[in-house]
Novice: 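Quick one: structure below, then a few questions.
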Amino acid sequence: FKSSSRRTVPKNLHTTRLEQRMSTVEEEAAVREPLDLIRLALDEKVYVKLRGDREIRGRLHAYDQHLNMILGDVEEVITSVEIDDETYEEIIKTTKRAVPYLFIRGDSVT
């Protein structure tokens, strides 16, 4: 007949492992450089202002170091200003469109 000895883990060892996991999570959420902000916005609704008076709103699915992005459920708003030939007044026109997925080239982001 063998006696079973139960091995116990010291509380401080368990606490240390938990603290290590928590510090890893905190490090992942830390913002150390500008692209870290974008990483935190993954799978969130974002607003992107582009050249040519274009604005994009959509869910950020992917990005890279060049700021190329893939957005889903996109609404694009294009604003243009025209001058009336008779009155010389500025006429502001906005055009909207919905796109399921959109690739945005990083150098078009302002």
Side-chain angles (χ1 to χ4, degrees):
F1 179 69
K2 290 184 178 178
S3 67
S4 65
S5 65
R6 201 171 217 181
R7 187 174 156 203
T8 60
V9 177
K11 286 186 180 181
N12 59 355
L13 180 62
H14 177 70
T15 305
T16 305
R17 287 182 183 163
L18 180 60
E19 288 172 350
Q20 287 174 346
R21 280 191 227 134
M22 288 176 64
S23 71
T24 303
V25 169
E26 289 172 2
E27 287 175 13
E28 289 174 2
V31 176
R32 294 203 176 104
E33 53 188 58
L35 286 177
D36 290 340
L37 286 171
I38 297 169
R39 178 179 44 84
L40 294 174
L42 277 172
D43 205 34
E44 299 288 334
K45 285 286 246 184
V46 294
Y47 168 82
V48 183
K49 186 148 177 70
L50 304 174
R51 295 181 185 179
D53 295 321
R54 295 173 60 200
E55 300 172 359
I56 305 289
R57 285 182 175 79
R59 188 164 305 278
L60 181 63
H61 289 284
Y63 71 96
D64 66 9
Q65 72 272 14
H66 304 289
L67 215 55
N68 296 322
M69 293 179 264
I70 297 175
L71 273 65
D73 302 322
V74 177
E75 180 186 71
E76 178 182 23
V77 178
I78 303 170
T79 305
S80 62
V81 178
E82 296 177 3
I83 298 177
D84 188 310
D85 292 333
E86 295 175 6
T87 62
Y88 298 104
E89 292 180 3
E90 289 185 348
I91 301 169
I92 299 173
K93 293 185 177 180
T94 58
T95 307
K96 293 183 180 183
R97 72 175 181 147
V99 183
Y101 283 96
L102 184 67
F103 175 83
I104 299 174
R105 188 178 161 117
D107 64 357
S108 66
V109 176
T110 59

Novice: Taking the side chain as everything from C-beta on, heavy atoms only, tell me whether Leu67 gets closer than 4.5 Å to Leu35.
Specialist: yes
Novice: Residues two or more places apart in sequence or in another chain: which of them pass side-chain hydrogen bond (donor to acceptor under 3.5 Å, both in side chains) with Asn68?
Specialist: Asp64
Novice: Would you name the heavy atoms of Val46 and Ala41 that are closest together and state the gap between them?
Specialist: CG1-CB, 4.0 Å
Novice: Sequence neighbours left out, what passes side-chain hydrogen bond (donor to acceptor under 3.5 Å, both in side chains) with Lys93? Give chain and number order.
Specialist: Glu82
Novice: Please determine whether residues Ile78 and Val99 belong to a single hydrophobic cluster, defined as Ile, Leu, Val, Met, Phe, Trp and Tyr linked transitively by side-chain heavy-atom distances below 4.5 Å.
Specialist: no
Novice: Hey, could you give me the CE/CD1 distance between Met69 and Ile56, rounded to the nearest 0.5 Å?
Specialist: 9.5 Å
Novice: To the nearest 0.5 Å, how far apart are OG1 in Thr79 and NZ in Lys96?
Specialist: 9.5 Å
Novice: Any pair with a residue in residues 97-110 that passes side chain to side chain donor-acceptor pair (under 3.5 Å), sequence neighbours left out, goes on the list, sorted by first then second residue, please.
Specialist: Glu76-Arg97, Arg105-Asp107
Novice: Check salt bridge (Lys or Arg N to Asp or Glu O under 4.0 Å) between Asp73 and all other residues, then give those that pass, not counting sequence neighbours.
Specialist: none
Novice: In the hydrophobic clustering (ILVMFWY, side-chain contacts below 4.5 Å, transitive), which residues join Ile83, or is it alone?
Specialist: Tyr88
Novice: Sequence neighbours left out, what passes side-chain hydrogen bond (donor to acceptor under 3.5 Å, both in side chains) with Glu55? Give chain and number order.
Specialist: Tyr47
Novice: Under 4.5 Å between any side-chain heavy atoms of Val81 and Ile91, yes or no?
Specialist: no
Novice: Once you round to the nearest 0.5 Å, how far does CG of Asp53 lie from OG1 of Thr95?
Specialist: 11.5 Å
Novice: Kindly indicate whether the side chain of Val48, heavy atoms from C-beta on, has any atom under 4.5 Å from the side chain of Leu60.
Specialist: no
Novice: Is there a chain of hydrophobic side chains (I, L, V, M, F, W, Y, each step under 4.5 Å between heavy atoms) that links Val74 to Val109?
Specialist: yes
Novice: Quick check: is Val77 connected to Leu50 through a chain of hydrophobic side chains (ILVMFWY, heavy atoms under 4.5 Å apart)?
Specialist: no
Novice: Once you round to the nearest 0.5 Å, how far does NE2 of His61 lie from CG of Leu71?
Specialist: 7.0 Å
Novice: Distance check, rounded to the nearest 0.5 Å: Arg39 atom CZ versus Arg32 atom CZ?
Specialist: 9.0 Å
Novice: Can you tell me if Glu90 has over 12 outside heavy atoms packed within less than 6.0 Å of its CD?
Specialist: no
